[in-house]
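What's counted below: heavy atoms across the whole structure, side chains too, no hydrogens, waters or symmetry copies.
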Amino acid sequence: QVQLVESGGGQVQAGGSLGLSCAASLSSFETYNMGWFRRAPGKEREFVAAVHWDGVARNYGDSVKGRFTISRDNAKSVAYLQMNNLKPEDTAVYYCAADRLRIGRNPDYYSYWGRGTQVTVSS
């Protein structure tokens with residue numbers, strides 16, 4: 001059974017940092033593209049970042065570019081999202097997602113999803 005489990009969420013003050021992890025129970029994790037999305041209260045799900053299966057190609061949402069970094073460790077089957085200079089508008093539930101064939105900003109591209117981890121940024 002495929003599982004994606006996010007961790008590392010919490011509460012932080014504006015300007016602070018948090019690091020999220022996504023542990024994947026995927027056979028051949030190294031062949032999956034990984035993405036991070038978020039959903040704030042009352043808003044639609046928003047693309048945050050994605051990384052190609054080889055860890056080289058990366059893409060970011062406009063609102064996080066320059067502040068967030070996506071990475072992965074294929075040996076550990078884990079994807080990461082390092083978030084720096086956090087802002088109150090970054091407050092949301094953060095989800096990781098995986099797909100073997102597709103990658104991009106559209107959440108419909110991803111076949112597997114975690115349950116999310118809450119990130120709260122106070123001003």
Is there a path of hydrophobic side-chain contacts, each under 4.5 Å between heavy atoms of I/L/V/M/F/W/Y residues, joining [Y] to [X]?
X: L4; Y: W53; value: no
X: M34; Y: V2; value: yes
X: V51; Y: L20; value: yes
X: F68; Y: V93; value: no
X: I103; Y: Y60; value: no

Might you point out which heavy atoms bring [X] and [Y] nearest each other, and give the distance in Å?
X: D54; Y: V56; answer: OD1-N, 2.9 Å
X: R105; Y: G61; answer: NH1-CA, 4.0 Å
X: A14; Y: P88; answer: CB-CD, 4.1 Å

Hey, what do you get for [atom1] ([X]) to [atom2] ([Y]), rounding to the nearest 0.5 Å?
X: N59; Y: N33; atom1: CG; atom2: CG; answer: 11.5 Å
X: R38; Y: C96; atom1: CZ; atom2: SG; answer: 15.5 Å
X: C22; Y: W36; atom1: SG; atom2: CH2; answer: 5.0 Å

Quick check against the 3.5 Å criterion: does [X] have a side-chain atom that pairs as donor or acceptor with the backbone of [Y]?
X: R58; Y: I70; result: yes
X: T117; Y: G9; result: yes
X: S111; Y: D99; result: no
X: R72; Y: F29; result: yes
X: E6; Y: G116; result: yes
X: T91; Y: V121; result: yes

query = Mind checking whether F37 and Y110 have ring centres under 6.0 Å apart?
reply = yes
query = Near K65 NZ, under 6.0 Å, is it more than 12 heavy atoms from other residues, nucleotides or ligands?
reply = yes
ask   = Between E44, E46, R39, R45, which is the residue that forms a side chain to side chain contact (heavy atoms under 4.5 Å, CB included) with P107?
value =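 For P107, the side chain to side chain contact (heavy atoms under 4.5 Å, CB included) check succeeds only for R45.
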Let me have the donor-acceptor pairs involving side chains of residues 76-86, under 3.5 Å, with sequence neighbours excluded, atom names and distances please.
unit_1	atom_1	unit_2	atom_2	d
Q82	NE2	N84	OD1	3.0
N84	OD1	S17	OG	2.9

query = After noting the C-alpha distance and the side-chain angles of L18 and V119, does the key distance pass the side chain to side chain contact (heavy atoms under 4.5 Å, CB included) rule?
reply = CA-CA 9 Å; L18 278 176; V119 171; 3.9 Å; yes
ask   = Salt bridge between D108 and R102, side-chain N to carboxylate O under 4.0 Å?
value =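 A salt bridge is absent here (no side-chain N lies under 4.0 Å from a carboxylate O).
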ask   = So, are D90 and K87 salt-bridged, with charged N and O less than 4.0 Å apart?
value =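 A salt bridge is absent here (no side-chain N lies under 4.0 Å from a carboxylate O).
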key: Side-chain hydrophobic cluster, 4.5 Å single linkage: members besides L101   = none
inquiry  = With a 4.5 Å cut-off on side-chain heavy atoms, are E30 and S28 touching?
reply    = yes
task = For Y32, enumerate each residue passing the ring pair (Phe, Tyr, Trp, His ring centres under 6.0 Å) test, keeping only those at least two apart in sequence or located in another chain.
result =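 So Y32 forms no ring pair (Phe, Tyr, Trp, His ring centres under 6.0 Å) with any residue.
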